[in-house]
Amino acid sequence: MPIRTGLLLECQHRAIHHLPMRITTWNVNSLNVRLPHLLEYLAEFEPDVVALQETKVPDEKFPVAEVEAAGYRVIFSGQKTYNGVATISRDEATDMVTDIPELDDPQRRLLATTINGVRIVNVYIPNGQEVGSEKYAYKFHWLHAFKDYLKGELERYPQLVLLGDYNIAPTDLDVHDPMRWQGKITCSEQERAMFRELVSLGLTDTVRSLHPDEPMFSWWDYRMNAFRRRWGIRIDHLLATESMRPCAAGVATDYRARERPSDHAPVWVNFA
DNA sequence: ATGGTTGTCTTACAA
């Protein structure tokens, strides 16, 4: 059965407040390297929106023609070597924002836009490297400024999806080996408290709400055959306002198993 | 599991 048909069947029992949408987040770790995988993903899943992180491509070198040839539009905020975000969509993206007000930051980590009446806030939250490090302090500086910005977005846009690479594993259910990761970067109590603060602004962890008891991972270290051994963590998330009605979700783990993969797999949610 | 592996105008740094 084609996936598109499956989406409609899965969602038909829900009340529809906006167009049904399949929305994906994927840290591609270099769009230049991962472009073939992205084009395969678009053809296979026919998503309405895909938020990319770590594109690592400056805007003047973004592969616009390739994405448009696949039947999509794209907006982006990139830089050389590091970071970079892009949002791919079937329909028009308006009211683009690339910078957090009050945060003077050259790192390209935010791309907010409106698609079909839904505010799509695509983020590449800083990794933090190690608890207590300078980069860890930057992670929280960024997050505090972002949280203030997000409050305003939520007031303006009743239908909002906040998605991306959060670099936070919210609970031990999101970690293959919680004892190994206890207190480590992505799993520290301070990071988890910040994740809960974002949720408490009026958002739902859509993937977890649909799979409340199932360990699910979105990132596996390149080293030590971590993927083959299923040593993963869930750090890529789609949070949404209550109005959004998620009806199915999953991780396209298959894309992590391919040749020359990103270390993240795509995470998708269907909204009724 | 702290050993390693990716990606980047690389030989260091970020993840």
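Quantities reported herein were computed from a predicted structural model and do not represent experimental measurements. Sequence lines set the chain letters: A, B, ... in the order given, protein chains first and strands last, and positions in each chain run from 1.
- A side-chain donor-acceptor contact under 3.5 Å links Asn29(A) and Tyr222(A).
- Going from atom CD1 of Ile185(A) over to atom C1' of dT2(B) covers 15 Å, rounded to whole Å.
- A distance of about 23 Å separates the P atoms of dA15(B) and dT2(B), rounded to the whole Å.
- For the side-chain contact (heavy atoms from CB on, under 4.5 Å) test, residues two or more places apart in sequence or in another chain that qualify with Asp99(A) are Arg108(A).
- Toward the 5' end of DNA chain B, the nearer of the two residues Asp221(A) and Arg34(A), judged by each one's closest nucleotide, is Asp221(A).
- A straight line from CG of Asp165(A) to C1' of dA14(B) spans 13 Å, rounded to a whole angstrom.
- Comparing dT2(B), dA15(B), dC9(B) by their nearest atom to the side chain of Lys184(A) picks out dT2(B).
- Counting only heavy atoms from C-beta on, Arg223(A) has its side chain closest to dA15(B) among dC9(B), dA15(B), dT6(B).
- Proximity note for Tyr222(A) (side chain, C-beta onward) versus dA15(B), dT5(B), dT8(B): the nearest is dT5(B).
- Backbone-only engagement by Tyr124(A) is indicated by non-hydrogen atom pairs under 4.0 Å involving sugar-phosphate atoms exclusively.
- A straight line from CZ of Arg260(A) to P of dT5(B) spans 15 Å, rounded to a whole angstrom.
- Closest to the side chain of Gln129(A), out of dT8(B), dG4(B), dA14(B), is dA14(B).
- Here dT8(B) presents its P atom at 13 Å from CG of Asn83(A), a figure rounded to the nearest Å.
- Applying the 4.0 Å criterion to OP1 and OP2 of dC9(B), one finds that Thr81(A) has a side-chain N or O inside that range.
- Val49(A) and Leu162(A) end up in different hydrophobic clusters when Ile, Leu, Val, Met, Phe, Trp and Tyr side chains are linked at under 4.5 Å.
- Using a 4.0 Å heavy-atom cutoff across all strands shown, Trp219(A) reaches no nucleic acid atom at all.
- Between dA14(B) and dC9(B), the two P atoms lie 15 Å apart (nearest whole Å).
- A distance-only check finds no donor-acceptor pair linking the side chain of Arg109(A) to the backbone of Val85(A) [under 3.5 Å].
- In this structure, the CG atom of Asp263(A) is 11 Å from the P atom of dA15(B), given to the nearest Å.
- Partner Arg234(A) forms a side-chain contact (heavy atoms from CB on, under 4.5 Å) with one of Val251(A), Val267(A), Thr186(A), Asp205(A) and no other, that one being Asp205(A).
- Nearest-nucleotide positions on DNA chain B place Pro261(A) closer to the 5' end than the other of Pro261(A) and His264(A).
- As rounded to whole Å, 9 Å separates atom P of dC9(B) from atom OH of Tyr82(A).
- When the C1' atom of dT8(B) is taken as reference, atom CD of Gln53(A) falls 18 Å away, rounded to whole Å.
- Regarding Ile125(A), its CD1 atom lies at a distance of 19 Å from the P atom of dA14(B), rounded to whole Å.
- dG7(B) and dT11(B): their C1' atoms are spaced 14 Å apart (whole Å).
- Distance check, rounded to the nearest 0.5 Å: NZ of Lys184(A) to CD of Glu191(A) gives 12.0 Å.
- A sub-4.0 Å separation between OP1 or OP2 of dC9(B) and a side-chain N or O of Lys80(A) is absent.
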